[in-house]
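Note sheet for the following structure.
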Protein chains: 4
Amino acid sequence: MPVSENTGIQAFPNGARSQRVHESALTAAVELLEEGGLTAATCDAVSARSGVSKATIYKHWPSKTAIAAEAFGRLMGEALPLPNTGSAVGDLTEQVRQVSAFYAAQPVFAQLLAACVTDPAAAPYFRHFFLAGRREAIATLWQRAVDRGETKPSVDAETATDILFGPLIFRLMTGHKPLTEEEADKIAAAALGGLLR
Amino acid sequence: MPVSENTGIQAFPNGARSQRVHESALTAAVELLEEGGLTAATCDAVSARSGVSKATIYKHWPSKTAIAAEAFGRLMGEALPLPNTGSAVGDLTEQVRQVSAFYAAQPVFAQLLAACVTDPAAAPYFRHFFLAGRREAIATLWQRAVDRGETKPSVDAETATDILFGPLIFRLMTGHKPLTEEEADKIAAAALGGLLR
Amino acid sequence: MPVSENTGIQAFPNGARSQRVHESALTAAVELLEEGGLTAATCDAVSARSGVSKATIYKHWPSKTAIAAEAFGRLMGEALPLPNTGSAVGDLTEQVRQVSAFYAAQPVFAQLLAACVTDPAAAPYFRHFFLAGRREAIATLWQRAVDRGETKPSVDAETATDILFGPLIFRLMTGHKPLTEEEADKIAAAALGGLLR
Amino acid sequence: MPVSENTGIQAFPNGARSQRVHESALTAAVELLEEGGLTAATCDAVSARSGVSKATIYKHWPSKTAIAAEAFGRLMGEALPLPNTGSAVGDLTEQVRQVSAFYAAQPVFAQLLAACVTDPAAAPYFRHFFLAGRREAIATLWQRAVDRGETKPSVDAETATDILFGPLIFRLMTGHKPLTEEEADKIAAAALGGLLR
DNA sequence: AACTAATCGAGACGGTACGTCCTGTCTTACT
DNA sequence: AGTAAGACAGGACGTACCGTCTCGATTAGTT
């Protein structure tokens, strides 16, 4: 678990035994998240199920949200494959659709996002173990589009990511409109109008 | 406090006495939010400061988040005036800037948004007493732009709102980038490229 | 549960409901003490068995030792009847024998005494709910002896109590000698030589 | 550290290295006891300060109380010189006074006594390294008195010790009366009335 | 003016998770 | 072997907050 510096991610014991423990706790957390969402992924519950003591858990993670974030990142690691439709519009629209469907299907995502507000120590974990993957995916797609000359030069990948996914998160959090595929398409279309030539 | 049906907002006793009580509780909640954010706006604290008993509070609101949402809506009621620069780009960019600054300055906003995920009963209150005002503002600006023929016909006000503000909320929640004025401008520029002609 | 002032015993809610709760917790504590000694009388255990929440227990008692002390006082309330042999020597010797046997049979006594060292807040409970009864018994016996003119005038009831029971407690705590009836008699005889004419 | 059999005191490695280690741990324990009482003399603390690892400590002593008991015995080894007033009353009264003052001034004594109840494996250490010294002192004084014919023949040194110091310990543990010099004198006077001619 | 509902203030309670603490065991690698 | 270093399980601790509840007091509206 080599973690780069300045990520806000806490160092933890590194021996073989510790790694087994780390693994056990994460596995238990994944199971609990699947069964009962973030609410069920209590520290006590993780400890009870994994056989890892609470004290040890707190040596590996700063809070229960942090374990959940790492567990969720693992749970969803490969869930979203990179689309390859041949055009930037196609790729990015497809990705927005997928992410939209994923968010709608995984209440844990919203719960984690929310929990990170209350529990700032967990936010780096969420960014590192979950968001980073999404942003990298977009960066790849965006680079492809750049190479093909399909993007507006004034826009960078970061901003593009925010504009494509921000609206999904907005809806997810406030629940003012459902996250259907149609809606995802509308958002993608309108957003891409500003990002591509 | 006439509340339309189907909003998910709970009816409560309507006598003169009840209205005083409602008012007292809200006032206390506003003060507590200002002083210590959502964390400080405990049920017990609201009860203690307002002299309204907890039981009564739970007759008027379904949860502590709901009071806080209504209180926050009141607190921020008139904080953001409608810009009028003469052009859609100017108006909307200005509004994005203002909202961005407001979010960055008011941690309570993110806290409330987060709390509504955990506490679904409170979400309607947040939408009704806070978001509704923002969406109306955009609706007005958007209608102006429509009247001037500045908008793309394929985009409606709802989608425009999501695309303009979603990115801000995304950043606010994950904290992966700061909400400076420059960033707000970049987002507004890129987003508006897709929304306006 | 009218408690005189300045005893160090904590006030607690006094309604009918609270009294039921107080009773429930004590009953559970008594059972646990009987089953597994002071070690078993955990706050969590008392809470679980009685159905009284931990938070409530901490409103009624300052610590787990305090509940145990009150429970033990109740448990042993009438265990030791006042002897009446007709003479001070007989009465006091008999009382020393009884107390000695009781201490030896009730490990909880020593455990409580020990716990009060670590947990000073519980000491008043032990004194009030347990020791007070013993000291009163001796005071009664001593007064009888005074009335009969059997005591040395230079000795008061308090000192007599300390000299009669102190040695028992000394042995109980350090375990350097067993608390048999013979030993109790030796102690009583030697001690009473200094107390009576 | 030659320890007779059947004392309940645990054998431990005997090489030169082991003895250095034993010494280091004890020294650290003594310091910690002086600084913060028994509470501060944690296993971890002793380990950290002495550089002796916890595993090693547990090869030399059965529990943390045991180290503390041995350390305390060493700390107080020569603190109480034998009085020599020329009479048994004088000697023993003086000794009671000294011990009383010592108990009152050294909270560690009560803490250790209490800890031995919970931790029976440590009791032999307390008896061996601390109490034994006190009892020997009394035995010496008592023998002097016997030689002078000042004692009652029915009383032995053991019982005398219990009757003289038991009351002090009783007060120390329950705290129902302070351990002032006056009180010590009252106790000594009353107790010695039963022990001497 | 009295009566009867509704409504309220006060605050205790059950439930539940939290994060901390310390003991004694265990592992690993070094001397 | 014996040791240093230190991670680990286990389990109690005492705290915090939520939302429900019980009680007696207060207040409207109704008769």
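Protein chains get the first letters and strands the later ones, always in sequence-line order, with residue 1 at the start of each.
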Problem - 5'-most by nearest nucleotide on DNA chain F - A:Pro13 or C:Ala16 - result: A:Pro13
Fill in the blank from the handout: Judged by nearest nucleotide, the residue sitting upstream toward the 5' end of DNA chain F, A:Ser50 or B:Arg20, is A:Ser50
Would you kindly give the [atom1]-to-[atom2] distance between [X] and [N], to the nearest whole Å?
X: D:Lys59; N: F:dA1; atom1: NZ; atom2: C1'; value: 8 Å
X: C:Ile57; N: F:dA12; atom1: CD1; atom2: C1'; value: 13 Å
X: C:Gln19; N: F:dC23; atom1: CD; atom2: C1'; value: 15 Å
X: D:Tyr58; N: E:dT25; atom1: OH; atom2: P; value: 7 Å
X: A:Arg17; N: F:dC8; atom1: CZ; atom2: P; value: 6 Å
X: A:Leu38; N: E:dA17; atom1: CG; atom2: P; value: 12 Å
X: B:Trp61; N: F:dG19; atom1: CH2; atom2: P; value: 14 Å
X: A:Asn14; N: F:dG6; atom1: CG; atom2: P; value: 14 Å

Please check this pair: side chain of [X] against backbone of [Y], looking for a donor-acceptor N/O pair closer than 3.5 Å.
X: D:Arg127; Y: C:Thr174; value: yes
X: D:Ser47; Y: D:Val52; value: yes
X: D:Glu70; Y: D:Phe129; value: no
X: C:Tyr125; Y: C:Gln10; value: yes

Practice task
Report the distance from atom SG of C:Cys43 to atom CH2 of C:Trp61, rounding to the nearest 0.5 Å.
Solution key: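 So the gap between those two atoms works out to 9.5 Å.
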Handout entry: Plane angle bin for A:Phe12 and A:His60 - parallel if under 30°, tilted between 30 and 60°, otherwise perpendicular
Key =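 Taking A:Phe12 first and then A:His60, their aromatic rings lie parallel (interplane angle under 30°).
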Where the side chain of [X] is concerned, which of [options] is the nearest nucleotide?
X: A:Asp44; options: F:dC21, E:dA17, F:dA9; value: E:dA17
X: B:Ser63; options: E:dT23, F:dG19, E:dC13; value: F:dG19
X: B:Val21; options: F:dC21, E:dC8, F:dA5; value: E:dC8
X: B:Lys64; options: F:dA4, E:dG9, F:dG19; value: F:dG19

Practice task
Classify the nucleic acid contact of A:Gly15 as base, sugar-phosphate or nothing, counting any heavy atom under 4.0 Å across all strands shown.
Solution key: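 It contacts nothing in the nucleic acid.
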Practice task
Pick base, sugar-phosphate or nothing for D:Ser18, based on heavy-atom distances below 4.0 Å to the nucleic acid.
Solution key: sugar-phosphate
Practice task
Check whether any side-chain nitrogen or oxygen of A:Thr56 sits under 4.0 Å from OP1 or OP2 of F:dA9, and answer yes or no.
Solution key: yes
Practice task
For F:dC8, take OP1 and OP2 only and decide whether either is under 4.0 Å from a side-chain N or O of A:His60.
Solution key: yes
Problem - Any N/O donor-acceptor pair, C:Lys54 side-chain to E:dG15 base, under 3.5 Å - result: no
Problem - Residue mapping more 5' on DNA chain E - nearest nucleotide basis, A:Thr39 or B:Ala55 - result: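 Looking at the nearest nucleotide for each, B:Ala55 comes out on the 5' side.
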Completion exercise
Sorted by position of nearest nucleotide on DNA chain E, 5' first, the leading residue of A:Pro62 and C:Ser47 is C:Ser47
